[in-house]
Amino acid sequence: MSYQDLIVEVHDKVALIRLNRPKALNALNDNMMNELGEALYKFDADPAIGCIILTGSEKAFAAGADIAAMVDYTYPDTHRDNYIGRNWEHILRVRKPVIGAVAGFALGGGCELAMMCDFLIAADSAKFGQPEIKVGVPPGAGGTQRLPRAVGKAKAMDMLLTARTIDAAEAERIGLVSRVVPADKLIEEVLAVGKQIASMSTSVAIQIKDAVNRSFETTLSQGVSYERQLFQSAFGTPSQKEGMKAFLEKRLPNFEGL
Ligand code: HXC
């Protein structure tokens, strides 16, 4: 399938989705968000894919929601059309792991979209920020909710209220990204991480992602109880039989199709 605002590739069992509106630093518009949903759902349903990577260009993951497209919106328009709600959260419905690979600017809606990924690997050129206050609006795609959960209240309030941009080193230090790699190695490194994930059991990866995400929505005891049910039910799966037997037989496990 070809897209107007995305470039999509498959590398072994890893799907790479690249946001592609270079002239506007990947400013996120309706068409791009609709296409992103289509691509994500297609790969989530494809049994040959075990991990999805979302990236942008060397200069920008995404510099925010498209300001030119929204400047003349009125409140009745945004409410009636369910602006943002209608097509920005597809990524949250994807069951397979989604890694965000961020180079350059991840600002406003770009930072919010990145935070919807399961984890982020940043190029040393990455810059994160929530500068919405400078264009007269609060964040609208989870910035006030996911940023404090990711980095704590102090850093989140600082970034959201001052609109200051942080670099990759600070993003790693405060826990917004899991790793920082040289910019010219970003895709190579993230593909290697994606292939590592995709080489193991996709069913187990889906369970882990589900349980971790649940930890942000539930109490500790309910979360641990859910995890225990997943663990106990694992003994009825081929992943457990293959994984544990392979260890005892001193061979590599084969999780193909699992
Ligand atoms: C529309 C954008 C854009 C955006 C950049 N461009 N960001 N267009 N929406 N968010 C366009 C510019 O207008 C310009 O187009 C081209 O991309 C290159 O940008 P420059 O500003 O010339 O580049 P540079 O000087 O390198 O500065 C880069 C930048 C700056 C620091 C990232 O572009 C910038 O501040 N962008 C806006 C960042 C922002 O405020 N994001 C939050 C948006 S609000 P032309 O045609 O002039 O070449 C938001 C709300 C989210 O995201 C809430 C719900 C999701």
Side-chain angles (χ1 to χ4, degrees), residues 4-7 17-40 54-94 98 100-117 120 122-151 155-171 176-177 183 186:
Q4 185 183 311
D5 294 324
L6 305 177
I7 297 172
I17 302 176
R18 201 184 274 281
L19 305 172
N20 186 43
R21 293 186 70 215
K23 286 189 187 140
L25 298 182
N26 290 336
L28 302 159
N29 66 9
D30 237 25
N31 185 63
M32 191 189 259
M33 301 319 279
N34 289 335
E35 289 189 351
L36 180 58
E38 277 177 44
L40 287 167
L54 178 62
T55 194
S57 68
E58 279 174 27
K59 186 147 190 225
F61 177 80
D66 188 334
I67 298 171
M70 64 184 157
V71 62
D72 290 328
Y73 263 26
T74 65
Y75 173 60
D77 294 336
T78 57
H79 183 255
R80 184 196 57 233
D81 298 348
N82 191 19
Y83 182 47
I84 301 302
R86 71 174 173 254
N87 57 6
W88 274 64
E89 296 191 334
H90 296 302
I91 195 166
L92 302 177
R93 291 176 208 114
V94 173
V98 181
V102 178
F105 298 110
L107 301 180
C111 188
E112 293 173 294
L113 184 67
M115 289 191 290
M116 291 183 207
C117 296
L120 297 177
D124 50 17
S125 63
K127 290 182 171 37
F128 297 86
Q130 297 287 163
E132 284 92 337
I133 194 167
K134 286 210 289 194
V135 291
V137 292
T144 63
Q145 304 304 302
R146 290 195 182 87
L147 192 59
R149 282 168 172 77
V151 305
K155 284 285 182 185
M157 284 288 196
D158 178 352
M159 288 173 66
L160 287 156
L161 293 174
T162 67
R164 116 178 140 83
T165 295
I166 61 169
D167 64 16
E170 184 170 0
L176 184 57
V177 308
L186 177 67

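All values reported here derive from a predicted model rather than from experimental measurement. Numbering of ligands and ligand atoms starts at 1, following listing order. Because only heavy atoms are used, hydrogens play no part in the values below, and waters and symmetry mates are left out as well, while side chains stay in.
At most 12 heavy atoms of other shown residues, nucleotides or ligands fall within 6.0 angstrom of atom CG in D72. Residue E58 qualifies as open at atom CD: its count of foreign heavy atoms under 6.0 Å is 12 or below.
In this structure, L19 and L28 have side chains that are in contact, with non-hydrogen atoms separated by less than 4.5 Å.
Annotation: salt bridge (Lys or Arg N to Asp or Glu O under 4.0 Å) contacts of K127 (sequence neighbours excluded): none. Annotation: salt bridge (Lys or Arg N to Asp or Glu O under 4.0 Å) contacts of D158 (sequence neighbours excluded): R164.
For ligand 1, the 4.0 Å heavy-atom shell takes in K23, A24, L25, A27, K59, A63, G64, A65, D66, I67, M70, I84, W88, F105, L107, G108, G109, E112, P131, E132, V135, G140, A141, ordered by chain and residue number.
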Check residues 132-141 and write down every donor-acceptor pair under 3.5 Å in which the side-chain atom is one partner and the other belongs to a residue at least two apart or another chain.
unit_1: E132; atom_1: OE1; unit_2: Q130; atom_2: NE2; d: 3.1
unit_1: E132; atom_1: OE2; unit_2: Q130; atom_2: NE2; d: 3.2

